[in-house]
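A short write-up of the structure that comes next.
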Amino acid sequence: MTENKQGQPSYKKRSTLPEVWRRFKKNRRAVVGLVILVILILVAAFANFLPYDPYKQSPSEALQTSSWSHLMGTDEFGRDILTRVCYGARLSIFIAFLATAFACVTGTILGAIAGYYGKKVETIIMRVMDILLAIPNMLLAIVVAAVLGAGAFNMMLAVAISNVPHYVRLMRSAVLSIQGQEYIEASRSVGATDWYIIKSHIIPNCLAPLIVQVTTRVGAAILICSSLSFIGVGISPPTAEWGAMLSKGKDFLREFPHLTVWPGLAIMITAFALNMLGDGLRDALDPKLKT
């Protein structure tokens with residue numbers, strides 16, 4: 001608190017970003033989630049520096065348990081599991097983030113249009129979204145992936161399509177809550193176009209719930225991607241991907257459980273970190289939602 005020229009107390013307003021960061025740092029679980037996510041991204045980025053090739057087979061070293069030369073052991077073809085888990089992080093995280101970004105952009109645009117224009121446009125968009133929401137996420141992703149076929153791009157598209165309705169509904173409700181605000185009416189009164197109002201006023205003021213939704217949906221996207229690869233409609237072997245590694249390791253589950261334990265732990269830790277990060281961002285961006 002400072003004093004103005006008239007000697008009256010005045011309060012210095014904190015900027016939004018530092019205030020959000022200050023509240024975020026107080027949440028230890030959110031900070032732990034952020035640290036874990038950063039470590040996973042660094043591991044994925046520098047996987048090339050590991051001493052083993054993730055695809056080179058060494059039958060003489062097949063199905064080894066943890067040792068100094070192979071910290072996580074080897075698979076049925078003698079490939080180093082640690083290396084494959086690190087390369088799998090690169091693929092799994094990249095596909096999940098890309099699918100979530102695609103779903104977020106598409107859903108944000110459709111939701112903003114539905115909420116802003118209303119009437120017939122809103123009815124058409126929301127009825128289509130209601131049909132998609134009537135199908136469970138996993139089932140919808142399986143259907144889309146089965147129709148498109150296996151592959152990284154098709155899997156990304158399947159996960160994105162299954163997530164679009166969530167962003168449409170979130171954005172529509174956010175638009176309806178701010179559409180009648182004075183600054184929106186002021187923009188209309190000076191002749192601003194609908195597109196200008198949407199991109200300059202409506203979308204920026206809806207970023208907080210979108211950021212939280214993106215963070216939590218990335219974790220769900222990783223689970224869906226791994227599940228698709230596990231049942232054979234996602235990434236196909238020998239590509240290093242967590243779900244595909246689980247699928248191959250299940251045949252040796254009793255005798256050599258380490259084949260499934262390590263990729264399973266990678267999926268669990270990543271999803272857990274993203275959920276903690278999402279909860280922390282939610283509390284930091286809107287403390288009133290804190291439970």
Side-chain angles (χ1 to χ4, degrees), residues 37 40-48 50 52-58 62-63 72-104 135-164 214 217-253 256-274:
L37 183 61
L40 288 170
I41 293 174
L42 291 175
V43 166
F46 295 100
N48 290 334
L50 294 173
Y52 296 103
D53 187 331
Y55 303 110
K56 184 178 180 180
Q57 300 182 9
S58 301
L63 298 174
M72 293 184 181
T74 59
D75 63 9
E76 68 274 22
F77 297 108
R79 297 172 298 195
D80 183 66
I81 293 179
L82 174 60
T83 303
R84 290 180 61 79
V85 167
C86 293
Y87 273 83
R90 175 181 298 180
L91 188 59
S92 298
I93 294 175
F94 175 74
I95 292 177
F97 270 100
L98 198 61
T100 304
F102 179 85
C104 179
I135 307 172
N137 262 23
M138 181 63 69
L139 182 58
L140 180 59
I142 291 173
V143 171
V144 175
V147 171
L148 297 177
F153 179 78
N154 291 341
M155 184 172 71
M156 182 273 295
L157 200 58
V159 176
I161 292 173
S162 66
N163 279 297
V164 166
V214 165
R217 296 309 301 179
V218 170
I222 289 177
L223 293 175
I224 295 176
C225 289
S226 301
S227 300
L228 292 177
S229 297
F230 182 81
I231 64 176
V233 293
I235 303 296
S236 302
T239 305
E241 196 273 337
W242 292 337
M245 293 175 66
L246 282 174
S247 180
K248 294 295 293 183
K250 72 180 187 299
D251 298 329
F252 305 89
L253 187 58
F256 305 99
H258 67 279
L259 298 181
T260 54
V261 167
W262 295 116
L265 279 175
I267 296 172
M268 183 190 72
I269 291 172
T270 305
F272 185 60
L274 286 165

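Rounding to the nearest 0.5 angstrom, the gap separating the CE atom in Met268 from the CG atom in Leu223 is 11.5 Å. With rounding to the nearest 0.5 angstrom, the OG1 atom of Thr260 is 9.0 Å from the CZ atom of Phe230. One distance of note links CD1 of Ile95 with CD1 of Ile224; it measures 13.0 Å at 0.5 Å rounding. Separating the CG atom in Leu259 from the CG atom in Asp251 is a distance of 9.5 Å, to the nearest 0.5 Å. With rounding to the nearest 0.5 Å, the separation of CD in Gln57 from OG1 in Thr74 is 11.5 Å. Rounding to the nearest 0.5 Å places CD1 of Ile142 at 7.5 Å from OG of Ser227.
Nearest heavy atom pair, residue Ser247 against residue Ser229, reads CB-O, 4.2 Å. Leu246 and Pro263 make their closest contact through CD2-CG, 4.1 Å (heavy atoms, listed as atom of the first residue, atom of the second, distance). For Pro238 against Arg79, the heavy-atom pair with the smallest separation is CB-NH1, 3.6 Å. Considering all non-hydrogen atoms of both residues, His258 and Met72 come closest at CD2-O, 3.5 Å. Considering every non-hydrogen atom in both Ala160 and Ala103, the closest pair reads O-CB, 3.4 Å. Closest of all the heavy-atom pairs between Val233 and Ala145 is O-CB, 3.6 Å.
Heavy atoms of other residues, nucleotides or ligands lying less than 6.0 angstrom from OH of Tyr55 number more than 12. Atom NZ of Lys56 has 12 or fewer heavy atoms from other residues, nucleotides or ligands within 6.0 Å. The number of heavy-atom neighbours closer than 6.0 Å to OH of Tyr52, taken from other residues, nucleotides and ligands shown, is above 12.
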Pair Arg90-Asn48, side-chain contact (heavy atoms from CB on, under 4.5 Å): steps then yes or no
CA-CA 11 Å; Arg90 175 181 298 180; Asn48 290 334; 3.5 Å; yes
Apply side-chain contact (heavy atoms from CB on, under 4.5 Å) to the pair Phe272 and Ile269, showing each step before the final yes or no.
CA-CA 5 Å; Phe272 185 60; Ile269 291 172; 5.6 Å; no
Assess the residue pair Asn137 and Arg217 against the criterion (side-chain contact (heavy atoms from CB on, under 4.5 Å)); give the C-alpha distance rounded to whole Å, side-chain angles, the decisive distance to 0.1 Å, and a yes or no.
CA-CA 11 Å; Asn137 262 23; Arg217 296 309 301 179; 2.6 Å; yes
side-chain contact (heavy atoms from CB on, under 4.5 Å) for Glu241 and Ser226? Distances and angles first, verdict last.
CA-CA 8 Å; Glu241 196 273 337; Ser226 301; 4.0 Å; yes
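Partner of Thr100 under the side chain to side chain contact (heavy atoms under 4.5 Å, CB included) criterion, chosen from Val159, Ile222, Asn163, Val214: Val214. With respect to Trp242, the side chain to side chain contact (heavy atoms under 4.5 Å, CB included) criterion is satisfied by exactly one of Leu265, Leu91, Thr270: Thr270.
For the pair Ile135 and Val143, the minimum side-chain heavy-atom distance is 4.5 Å or more. Between Lys248 and Asp75 the shortest side-chain heavy-atom distance does not fall below 4.5 Å.
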